[in-house]
Amino acid sequence: MAERKPYPSDLSDEAWELICPVLTAWKARHPSASGHQGRYALREIVNAILYQARTGCQWRYLPHDLPSTSAVCYYFGRWRDDGTTETIHDLLRWQVREHHHRRADPSAVVLDSQTVRASTNAPADTTGLDPGKKSPGRKRGIATDTLGLLIAVTVVAASVHDNLIGTALLDRVATAAPSVRKAWVDAGFKTTVIEYGAGLGIDVEIVGRPVEARGFTPLPKRWVVEQTFGIMMLHRRLARDYEAKPTSAVAMIRWSMVDVMARRLTRGATPTWRDPPV
């Protein structure tokens, strides 16, 4: 990185120190058979992933002063499949919660789904038509804690009903954070989710929109998950689902939240299009 001009999406030294131990340990567990240490520093691989998440560019359009597309894709896929991406994400989430004087695992979550259009490279069997929004593509289901931090995420075809998304999220929440006993959802989730949550020991409550509400109205408890969706949209790769595999879409969501949490922990601001160039 010292040999090139930094990009706004690059990890700061402080942010790299947060995730360096995880990737260093990963590298030690996966030595090259020939003893080769690798052509690229792992920090630069992460910088390339965050660059793509932030700008939304295609893999082959990564700048030439970042690691090669093949190398970035290789590490992105390995870390996606072996759980390293999730480990880094969860480690930062625990640190953010500790920073806010909260326990490592939450006791309550908020569930919601978001329909986004999928790119043409997404296989047809992983996409569908959202009958409610009349929009084709995929649905992202997320569960956040009351700070808006991601606890669980799933990506499915847009034709999948919110009930199936809700039950899948509750299963993931019960595994990732067994301490959760309360969940708030919107009216799109029906009795099926409430009953399924009860079987897991989670009290699911539907927070509906007040009848007298006009225009945009933040709803109690539920607004944090909407805020998280808005924060995710700062990463242009998430403005549309560009990933061929739903698992890659999940990984890109986690990397985007890694960027958000690392900046929060190091008191760094996420640049927006309004910010003047440095």
Side-chain angles (χ1 to χ4, degrees), residues 1-96 121 150 231-232 234-239 242-245 247-273 275 277-278:
M1 180 175 171
E3 300 176 357
R4 65 171 176 83
K5 294 180 65 175
Y7 294 104
S9 57
D10 284 347
L11 290 169
S12 65
D13 292 341
E14 295 81 1
W16 170 241
E17 288 300 319
L18 295 174
I19 66 176
C20 177
V22 177
L23 294 183
T24 301
W26 181 90
K27 190 68 173 178
R29 294 194 304 270
H30 299 82
S32 170
S34 62
H36 184 55
Q37 294 300 312
R39 179 180 175 186
Y40 303 106
L42 294 183
R43 179 174 178 176
E44 282 291 80
I45 298 293
V46 176
N47 282 336
I49 294 173
L50 296 183
Y51 179 94
Q52 188 198 40
R54 197 71 178 84
T55 65
C57 73
Q58 295 165 285
W59 286 109
R60 293 183 179 179
Y61 283 74
L62 287 172
H64 296 300
D65 53 0
L66 288 174
S68 68
T69 296
S70 59
V72 180
C73 287
Y74 169 79
Y75 283 103
F76 177 83
R78 286 292 301 271
W79 294 340
R80 173 199 65 203
D81 296 338
D82 67 12
T84 301
T85 301
E86 186 173 2
T87 298
I88 293 172
H89 173 275
D90 292 350
L91 174 65
L92 295 188
R93 187 188 72 226
W94 293 329
Q95 293 187 47
V96 173
N121 68 311
L150 201 65
I231 291 173
M232 285 165 48
L234 292 174
H235 296 78
R236 292 188 177 184
R237 187 75 179 183
L238 302 183
Y242 292 103
E243 314 306 330
K245 297 180 179 180
T247 52
S248 293
V250 170
M252 192 57 71
I253 290 172
R254 287 201 172 105
W255 276 115
S256 298
M257 291 303 294
V258 164
D259 179 38
V260 171
M261 292 185 293
R263 292 180 186 275
R264 287 184 183 179
L265 288 167
T266 58
R267 301 183 184 275
T270 301
T272 71
W273 64 270
D275 295 328
V278 178

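Numbering of residues begins at 1 and proceeds along the displayed sequence.
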Visitor: So, taking the atom named CG in Leu265 and the one named CD in Glu17, what distance separates them when rounded to the nearest 0.5 Å?
Guide: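 Taking CG in Leu265 and CD in Glu17, the distance rounds to 13.5 Å.
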Visitor: I need the Lys27 NZ to Thr84 OG1 distance, nearest 0.5 Å.
Guide: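 Lys27 NZ to Thr84 OG1: 12.0 Å, rounded to 0.5 Å.
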Visitor: Compile the donor-acceptor pairs under 3.5 Å between side chains in residues 55-62 and protein atoms, sequence neighbours left out, one pair per line.
Guide:
residue, atom, partner, partner atom, Å
Thr55, OG1, Tyr51, O, 2.8
Thr55, OG1, Cys57, N, 3.4

Visitor: Quick one: side chain to side chain donor-acceptor pair (under 3.5 Å) partners of Gln95, sequence neighbours excluded?
Guide: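 In terms of side chain to side chain donor-acceptor pair (under 3.5 Å), with neighbours along the sequence ignored, Gln95 is linked to no residue.
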Visitor: Where is the tightest heavy-atom contact between Ile45 and Pro67, given as atom of each residue plus distance?
Guide: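 Reported closest heavy-atom pair: CD1-CB, 3.8 Å.
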Visitor: Write out all pairs satisfying salt bridge (Lys or Arg N to Asp or Glu O under 4.0 Å) with one or both partners inside residues 65-87, taking only residues at least two apart or from two chains.
Guide: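 Output for this query lists Glu86-Arg254.
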Visitor: With sequence neighbours left out, what residues match Trp94 under ring-ring contact (aromatic ring centres under 6.0 Å, His included)?
Guide: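 Partners of Trp94 under the ring-ring contact (aromatic ring centres under 6.0 Å, His included) test: none.
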Visitor: Can you name the nearest heavy-atom pair linking Trp255 to Leu50, along with the distance?
Guide: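 Closest approach of Trp255 to Leu50, heavy atoms only: O-CD2, 3.6 Å.
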Visitor: Measure the shortest side-chain to side-chain distance between Gln52 and Leu66 over non-hydrogen atoms and say whether it is less than 4.5 angstrom.
Guide: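 Gln52 vs Leu66: side chains apart.
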Visitor: Partners of Trp26 by ring-ring contact (aromatic ring centres under 6.0 Å, His included), sequence neighbours excluded?
Guide: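 Applying ring-ring contact (aromatic ring centres under 6.0 Å, His included) to Trp26 gives His30, Tyr75, Trp79.
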Visitor: For Thr69, what residues pass the side chain to side chain donor-acceptor pair (under 3.5 Å) criterion, not counting sequence neighbours?
Guide: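 Not a single residue meets the side chain to side chain donor-acceptor pair (under 3.5 Å) criterion with Thr69.
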Visitor: Listed by chain and number, what are the side chain to side chain contact (heavy atoms under 4.5 Å, CB included) partners of Ala15, not counting sequence neighbours?
Guide: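 If we apply the side chain to side chain contact (heavy atoms under 4.5 Å, CB included) test to Ala15, skipping adjacent residues, the hits are Leu11, Ser12, Ala262, Thr266.
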Visitor: Is it true that Asp13 and Arg43 make a salt bridge, defined as a side-chain N closer than 4.0 Å to a carboxylate O?
Guide: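 Looking at Arg43 together with Asp13, the answer is yes, because their closest N to O distance falls below 4.0 Å.
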Visitor: Mind checking the CD1-OG1 spacing from Ile253 to Thr85? Nearest 0.5 Å is all I need.
Guide: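 With rounding to 0.5 Å, CD1 (Ile253) is 12.5 Å from OG1 (Thr85).
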Visitor: What heavy-atom pair brings Phe76 and Met252 nearest, and what distance separates the two atoms?
Guide: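 For Phe76 and Met252, the tightest heavy-atom pair comes out as CE1-CE, 3.8 Å.
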